[in-house]
Chemist: 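I am attaching a structure below and will ask some questions about it afterwards.
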Number of protein chains: 2
Amino acid sequence: MADVAHRAGVSTATVSRCVNAPARVQPETRERIEAAIRDLGYSPNFGARALAARRTDTIGAIIPTLDNSVFARGLQAFQTALVEHGMTLLLASSSYRPDLEEAQIRTLVARGADGLLLIGHERDPALYDFLALHRVPVLVAWVHDPAAPRPSVGFDNKAAMEAMTSAVLDRGHVRLATISGHTRFNDRTRDRVAGVRAAMAARGLDPAALAVVETPYGIETGAQAMAELMARDPRPTAVICGNDLLGMGALRQARAMGLRVPGDVSITGFDDMELSTVADPPLATVAIPHARMGTTAAAMLTGMVRDGTRPDSVALPCEILLRASLGPAPLSPA
Amino acid sequence: MADVAHRAGVSTATVSRCVNAPARVQPETRERIEAAIRDLGYSPNFGARALAARRTDTIGAIIPTLDNSVFARGLQAFQTALVEHGMTLLLASSSYRPDLEEAQIRTLVARGADGLLLIGHERDPALYDFLALHRVPVLVAWVHDPAAPRPSVGFDNKAAMEAMTSAVLDRGHVRLATISGHTRFNDRTRDRVAGVRAAMAARGLDPAALAVVETPYGIETGAQAMAELMARDPRPTAVICGNDLLGMGALRQARAMGLRVPGDVSITGFDDMELSTVADPPLATVAIPHARMGTTAAAMLTGMVRDGTRPDSVALPCEILLRASLGPAPLSPA
DNA sequence: GCCTCGCATGTAAGCGCTTGCATGACGCGA
DNA sequence: TCGCGTCATGCAAGCGCTTACATGCGAGGC
């Protein structure tokens, strides 16, 4: 930087201003500096800048997993938008484990993340205290809860699942089952199950009659859960799955058991992963606004970091995709 | 830090040593310091540390996309392993565009990435010069080419595709087609097509007879390419796809056209995405060692950064998964 | 018993930027 | 013409660590 200053015949202060606030330096001076920067191939030292300016232009994100495309797609949009705002993404994953998530949060804060994107509201309050202490703005994604004490961007998991369940009930189904991800430490999952129950209650069905199997997200686990549900008597005529992986597993298992979908049993998913369109039959599911969520999150978080504002939570709409895996309830009980 | 030093009755230098090289301080001193750190909730300032130590313990990765799980799964393993090595992941994506990739490389280097993970060898030599100039070690993944001037960790795309093609040829197919991703700027894609041709040549077939359609990776695009191929006369009896998304699209299109798979046409993929097992019929494909690749990459890159060594390239084996979408060639030409 | 060496710790000089404040030039109104 | 405000720029004090070198101590060898 000193070299650049010398070559341009100015002080390092002016070079710094030229880089960070070009408007504050005379056009001709700026040109000279820019030429010097180019000639010398100068690029500011990140550590020094972080130290002096007390910011890193870096945003941390901690997601449960990248192993399937559930979060990856939203993250892709988030990262791309972040770059457009001049920010860089620091990424960590928690494997759905609160203890690992906590460790990652601490790491990212120690690494100087200016802001954090987290999935879901539920975590140890002490963590939020920690973040407040370090003045790190937090944005919660994949959920929408205007009542929460922190801004969020996402969709209403409960309402979305309630809408999907209504569509199922519209088709005459009475004996419903749900294959859910683990609800412990996971408000999204819990809200989805609550949505199923709410829809049942709204139609005068007993929510307690809902058959629920909890299992980690995955195709295999979904298939196992399906096997278990199909062994029950009476057998459910519609299986509402907490995500598409579970739904795909259920579909595969149904086929393996010789059950027709939707003739004998209807199956729905949640997420609209690319695989749900190519399934046979295509999986009815809830489409999540991944891209908009990621893009919006990037804009909100950048704003929070730069202006110190606390934006309002943003609700994004989901879409119920009624595909062939959802059909009318079978006429005669199995 | 000064507070910690004062409370523990030592100098800041000792605190620093206690944090960075615990073995170099007396056990009882260390205990006092650690207690002080705990009591005060001290955590070192990242920028200051980066500035003074000239390293960030941060690794950058630039991948083409996170929109499907092709790279996401490997990245998941990479990130997890990185954390175990005390490193943090800076992530960027390029959308398969060399210009964006270059910009991201420059950004990550400016952000102080100690090392970089890149996908594929092919890029502007000036970029490699830039990286050498900045002394940033680079590891290339998703390919294996021992002859390349840079270390890599991955698999031999050509050999893998050659093996898959051999399996196809074993089943009597003669009229082959390939749906490939764009081969420009993409050595993986190119190697895969080359693998198909090599297998043909090895059996005395004319590699030039291979029908090739290039299209961006995607289910829709795969379906369109399939439609185009199936309209040709004579019609290929086996379609070898450059990845599973293309394969799934081809499968869907075949079904839509009333073609039986594999009765009328065989289809193969590449990647073993989760969706290929649930397809109907299940998609024959090449299983890539995502997790091992990610884990190995993390270990190699950490070593390169810490010891300044240049490790040997690592080849990881792929597995040919012969699933039902691949069958014998139809007896009578279509 | 003296010297040497190794070890634990302290001292202090940066690391390369940003930014509050000071300076001086210039333009404008009185 | 003078004074004041405005603007572009310079000065220099950090930002909070790491680390080369200095120091002082105890142990071991002769």
Side-chain angles (χ1 to χ4, degrees), chain A residues 1-37 40-58 86 88 107 109-114 133-136 305-306, chain B residues 1-37 40-58 86 88 107 109-114 134-135 305-306:
Chain A
M1 184 163 172
D3 294 346
V4 171
H6 185 250
R7 182 182 249 260
V10 298
S11 72
T12 61
T14 304
V15 174
S16 173
R17 278 189 278 262
C18 181
V19 170
N20 298 300
R24 293 190 51 198
V25 357
Q26 204 85 342
E28 56 185 45
T29 314
R30 197 194 310 166
E31 256 171 48
R32 255 183 305 135
I33 297 176
E34 280 166 357
I37 288 178
L40 268 42
Y42 164 81
S43 120
N45 176 290
F46 174 71
R49 170 180 285 198
L51 180 56
R54 303 146 163 290
R55 75 187 145 74
T56 58
D57 290 334
T58 288
T88 306
T107 302
V109 170
R111 281 290 203 278
D114 290 338
L133 181 71
H134 286 262
R135 310 250 142 105
V136 178
V305 166
R306 299 242 161 100
Chain B
M1 184 162 173
D3 294 346
V4 172
H6 185 251
R7 182 183 250 258
V10 297
S11 72
T12 60
T14 305
V15 174
S16 173
R17 277 190 280 262
C18 182
V19 170
N20 298 300
R24 293 189 51 197
V25 359
Q26 205 85 343
E28 58 184 43
T29 314
R30 195 192 314 166
E31 257 170 47
R32 254 183 304 135
I33 296 176
E34 280 165 356
I37 288 178
L40 268 41
Y42 164 80
S43 119
N45 175 290
F46 174 71
R49 170 179 285 197
L51 180 57
R54 303 145 162 290
R55 74 186 147 73
T56 58
D57 289 335
T58 288
T88 305
T107 302
V109 169
R111 283 291 149 94
D114 289 339
H134 287 262
R135 311 251 143 119
V305 166
R306 298 239 162 102

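Every heavy atom of this structure was used, including side-chain atoms; hydrogens, water molecules and symmetry mates were not. Order of the sequence lines sets the chain letters (A, B, ...), proteins ahead of strands, with each chain counted from 1.
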Chemist: Could you run down nucleotides 8-16 of chain D 5' to 3' and tag each one B, S or - for protein heavy-atom contact under 4.0 Å?
Modeler: SBBB--BBB
Chemist: To the nearest 0.5 Å, what is the distance between CZ on Arg49(B) and OG on Ser43(B)?
Modeler: 8.5 Å
Chemist: When the distance from CD of Glu31(B) to C1' of dT9(C) is rounded to whole Å, what number comes out?
Modeler: 18 Å
Chemist: Nearest whole angstrom, please: distance from the P of dC17(C) to the CZ of Arg111(B).
Modeler: 15 Å
Chemist: Once rounded to the nearest 0.5 Å, what's the spacing between atom CD of Gln26(A) and atom SG of Cys18(A)?
Modeler: 12.0 Å
Chemist: How about His134(A): does its NE2 atom have over 12 heavy atoms from other parts shown lying under 6.0 Å from it?
Modeler: yes
Chemist: Would you mind reading off the bend of the helix from dG1(C)-dC30(D) to dA30(C)-dT1(D) from its two end axes, five pairs each, to 10 degrees?
Modeler: 40°
Chemist: How long is the gap from CZ on Phe46(B) to OG1 on Thr88(B), to the nearest 0.5 Å?
Modeler: 7.5 Å
Chemist: Given 3.5 Å as the limit, does a donor-acceptor pair link the side chain of Arg111(A) with the main chain of Asp57(B), or not?
Modeler: yes
Chemist: Where the side chain of Arg55(A) meets the backbone of Asp114(A), is there a donor-acceptor pair that is under 3.5 Å apart?
Modeler: no
Chemist: Just by modelled atom types, is the Val25(B) backbone N or O under 3.5 Å from a matching donor or acceptor in the Arg17(B) side chain?
Modeler: no
Chemist: Measuring from Met1(B):CE to Leu40(B):CG, what's the distance to the nearest 0.5 Å?
Modeler: 13.0 Å
